Amino acid sequence: MARHLITSAIPYINGIKHLGNLVGSQLPADLYARYLRGRGHEVLFLCATDEHGTPAELAAAKAGKPVAEYCEEMHGVQAKIAEGFRLSFDHFGRSSSPQNHRLTQHFAGVLAEKGLIREVSETQMYSPTDGRYLPDRYIEGTCPNCGFDSARGDQCDNCTKQLDPVDLINPHSTISGATDLEMRETKHLYLRQSAMKDELEAWIDGKTDWPVLTTSIAKKWLNDGDGLQDRGITRDLDWGIPVRKGEEDWPGMEGKVFYVWFDAPIEYIACAQEWVEAGKGDDWERWWRTDKGAEDVTYTQFMGKDNVPFHTLGFPATILGSGEPWKLVDYIKSFNYLNYDGGQFSTSRGRGVFMDQALEILPADYWRWWLLSHAPESSDSEFTWENFQQSVNKDLADVLGNFVSRVTKFCRSKFGEEVPAGGSYGPQEEALIADLTARIAAYQGHMDAIEVRKAAQELRAIWVAGNEYLQSAAPWAAFKEDPERAAAIVRLSLNLIRLYAVLSAPFIPDSAETMMNAFGPDAVRDWPAGTAADFEALEPGAAFTVPENLFAKIADESREDWQTRFAGTRS
RNA sequence: GGGCCUGUAGCUCAACGGUUAGAGCAGAGCGCUCAUAACGCUUUGGUUGGGGGUUCGAAUCCCUCCGGGCCUACCA
């Protein structure tokens, strides 16, 4: 039994996430966590909401609420939806927690002691009307290069020229439209990532088993242009973690907060503290401190590709730079994007299917299965309603659901609702068992390697094997001549259902539970050991109940209806 | 501009430089009747985006052209 720490990229607080966000981090992380728990490992699976930054303040203002209140409310909403998707976090924390405040300030203090933080004076656009400094992207004006009138402060969307906000002609705030912008001198802290470049590069070069997507993004940032750049870790905002040097004030930094990307990853650690505080565990250090038991922890992170730089460079710079014995990530699984019907999912434009809407129209397992079996691992992938309908109907309803249905109903009509005792397994059964034992080993191999699509494919093949067996063994024919023979076939088939429930649980937890429950609360739930015993765990004579059909098929009318309903943007 | 990823059957995807490029779905034919008209078997379908090169051998390596996507550091 090993110990696994798993974190999913923490979703931003300003609204409900779409299916693309879900499949890129939380869902595969949950799959892996459930699988490892199923295999008997000790798992700590953490996630949280990422609550700081300008967009949170703006979203709160739009909702007409104080930002703290808004975040608390949205945290509740996101937690509820996560539960709806059966995301099995051991704790779902908040980056605004007191624990994260303390820890973030602690890291800043230690990094300063090590000489890894420098102060930089710079000028930034301030908007008196908005009462805030404006990030470059919140300033628009006319591009001095091409004349485009909606060029943003960082880059012109029309001619792609990199800009500085001061270059813009007639600049204005995109928040209020105010034009009375002024340059103000302000002082900020920079993390000296450049000083750690060699150490970071050596560390990443050692990770030869990481996905190409992860290492190529990391190396690009390490070696692009002048190499790894120092990064500002403070902002002039009200909402965030006040800049402090550990427990002490930081002269000159009054009224400033840490940049959200500095404190967000630290929440992974703080979240474990919250987990203890919430009474769900009693020792967070054995997961996070290598001097206190975490040296034998395997730490895996899940995220979309947009998050990779911060997890391969920024956060490790914080951890390594501190010189303290914190657990460093062992494996970073990153994902490409899921597109929606020919375009991108977009939170800001409300395009695509959002997590709350998805749960309103279908149970979580339908989404989990489709999303995971089509996870964008090697390249961006695409969601279409036709593909979704086809996959779900075929894989879940026809292959798995119908297998459970035909076996349990046949048994009920011929032997009653108990596991038939007669006969014994013969050559056909032995062949099936050999085949499945090999397939289960392959399935485990893919899950261990976090090859999500391949694992889904193998699991499906395991389901199919049941139908093939049933067809060739034909218990309905055997029953007429040799009821004992039919009894043995049905007994094995019922055992397959129990086995499928165990194997499928990481992908489709609710349906797996329904399958398992058919055999009562005492049915063996252990992960298969790879022996013949896996196929005779059900006692002859044990009672079972015929479950309701596991999956209803998606009708063409429903699909067309959803297609229309989700064609535009979310109101 | 720079960098990275990607292009394989109608669709979604596989394939350490090594037999005849494979699966699932969709299509066609047959079989079965336990089951949600479900299941099983067989089968059609590819000049691996185009062109050139390296090699005994290329989907795979190199060059070039074409298409798609992402990143480029103050949205997160």
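Order of the sequence lines fixes the chain letters, A, B, ..., with proteins taken first and strands second; residue numbering starts at 1 for each chain. Worth saying up front: this structure is predicted, and the values here are computed from it rather than measured.
- Look at the C1' atom in both U19(B) and C25(B): the space between them is 28 Å, to the nearest Å.
- Looking at heavy-atom distances under 4.0 Å, Asn14(A) makes no contact with the nucleic acid at all.
- Between Ser95(A) and Asn100(A), the side chains place no donor N or O within less than 3.5 Å of an acceptor N or O (distance only, hydrogens not considered).
- Using a cutoff of 4.0 Å between basic side-chain nitrogens and carboxylate oxygens, Asp236(A) and Arg132(A) are not scored as salt-bridged.
- When the P atom of U36(B) is taken as reference, atom CD of Gln390(A) falls 22 Å away, rounded to whole Å.
- In this structure, of U36(B), C34(B), C11(B), it is C11(B) that holds the atom nearest to the side chain of Asn387(A).
- Nearest to the side chain of Asn549(A), among U12(B), U36(B), A73(B), sits U36(B).
- Listed pair Tyr259(A) / A76(B) meets the phosphate criterion, a side-chain N or O lying under 4.0 Å from OP1 or OP2.
- Across all strands shown, Val404(A) has no heavy atoms under 4.0 Å from either base or sugar-phosphate atoms.
- Evaluation of atom-type donor-acceptor distances gives a pair under 3.5 Å for the side chain of Glu122(A) against the base of C74(B).
- A cation-pi geometry, defined here as NZ or CZ lying under 6.0 Å from the six-membered ring centre and within 45° of its normal, holds between Arg235(A) and Tyr259(A).
- A cation-pi arrangement is found for Lys305(A) relative to Tyr337(A), the charged atom lying closer than 6.0 Å to the ring centre and inside a 45° cone about the ring normal.
- Between A35(B), C71(B), U36(B), one nucleotide has an atom nearer to the side chain of Lys553(A) than all others, and that is U36(B).
- The partner of C39(B), taking Watson-Crick or G-U wobble pairs whose two distances both stay under 3.5 Å, is G31(B).
- At C34(B), none of the side-chain N or O atoms of Arg412(A) fall inside 4.0 Å of OP1 or OP2 (strictly under the cut-off).
- Distance noted for atom P between G10(B) and U72(B): 36 Å (whole Å).
- In this model, the phosphate group of C71(B) is approached by a side-chain N or O of Tyr337(A) to a distance below 4.0 Å at OP1 or OP2.
- Remark: Lys454(A) is not in phosphate contact with G24(B), judged by side-chain N or O atoms under 4.0 Å from OP1 or OP2.
- Taking the C1' atoms as reference points, G68(B) lies 24 Å from A26(B), given to the whole Å.
- Atom-to-atom, CD1 of Ile233(A) to C1' of C74(B) comes out at 14 Å; the value is rounded to the nearest Å.
- Using a 4.0 Å cut-off between charged nitrogen and carboxylate oxygen, Glu182(A) and Arg184(A) count as a salt-bridge pair.
- Base pairing annotation: G45(B) forms no Watson-Crick or G-U wobble pair, as no partner gives both donor-acceptor distances under 3.5 Å.
- Rounded to whole Å, the distance from CH2 on Trp385(A) to P on A26(B) is 20 Å.
- Judged by Watson-Crick or G-U wobble contacts below 3.5 Å, the nucleotide G67(B) has U6(B) as its partner.
- The distance between atom NZ of Lys409(A) and atom C1' of U33(B), rounded to the nearest whole Å, is 15 Å.
- Rounded to whole Å, the separation between the P atoms of G22(B) and U64(B) comes to 32 Å.
- For the P atoms, the distance from G69(B) to U8(B) is 15 Å, rounded to whole Å.
- With both pairing distances under 3.5 Å, G1(B) is matched to U72(B) as a Watson-Crick or G-U wobble pair.
- Contact check on Lys333(A) versus Glu377(A) returns a salt bridge, with a Lys/Arg side-chain nitrogen under 4.0 Å from an Asp/Glu carboxylate oxygen.
- Each of Leu213(A) and Asp395(A) has a nearest nucleotide on RNA chain B; the 5'-most of these lies closest to Leu213(A).
- One can place CG of Asn339(A) at 13 Å from C1' of U6(B), the figure rounded to the nearest angstrom.
- Proximity note for Arg231(A) (side chain, C-beta onward) versus G40(B), A73(B), G3(B): the nearest is A73(B).
- Taking only side-chain nitrogens and oxygens, Lys394(A) comes nearer than 4.0 Å to OP1 or OP2 of C39(B).
- Among the heavy atoms of the strands lying under 4.0 Å from Ser381(A) are primed sugar atoms or P, OP1, OP2 only; no base atom is included.
- Between the side chain of Asn402(A) and the base of A35(B), at least one donor-acceptor pair of N or O atoms lies under 3.5 Å.
- Only the C1' atoms considered, C65(B) is 29 Å distant from G18(B), to the nearest whole Å.
- Nucleic acid contact for Pro475(A): none, since no nucleic acid atom lies under 4.0 Å from a heavy atom of the residue.
- Enclosure of atom CD in Glu548(A) is not indicated, since only 12 or fewer non-hydrogen atoms of other residues, nucleotides or ligands lie within 6.0 angstrom.
- Of the candidate nucleotides A14(B), G69(B), C34(B), C34(B) has the atom lying nearest to any side-chain atom of Phe410(A).
- Both Trp476(A) and Tyr138(A) sit near RNA chain B, but only Trp476(A) has its closest nucleotide nearer the 5' end.
- Taking atom OH of Tyr469(A) as the reference point, atom C1' of C39(B) lies 15 Å away to the nearest angstrom.
- Per the geometry, CG belonging to Asn336(A) stands 13 Å off C1' belonging to G68(B), to the nearest Å.
- When both distances must be under 3.5 Å, the Watson-Crick or G-U wobble mate of A15(B) does not exist.
- What separates NZ of Lys187(A) from C1' of C74(B) is a distance of 20 Å, to the nearest Å.
- Across A9(B) and U47(B), the matching P atoms stand 9 Å from one another, rounded to whole Å.
- The side chain of Arg460(A) places no N or O atom within less than 4.0 Å of a non-bridging phosphate oxygen (OP1 or OP2) of G24(B).
- Not a single donor-acceptor contact under 3.5 angstrom links the side-chain atoms of Glu386(A) to the base of C11(B).
- Across C39(B), A76(B), A14(B), the shortest atom-to-atom separation from the side chain of Val260(A) is found for A76(B).
- Of the possible donor and acceptor atoms, one in the side chain of Arg491(A) sits under 3.5 Å from a partner among the backbone N and O of Gly422(A).
- Contact check on Asp510(A) versus Arg368(A) returns no salt bridge, with no Lys/Arg side-chain nitrogen under 4.0 Å from an Asp/Glu carboxylate oxygen.
- Here, C63(B) and C16(B) have their C1' atoms 25 Å apart, quoted to the whole Å.
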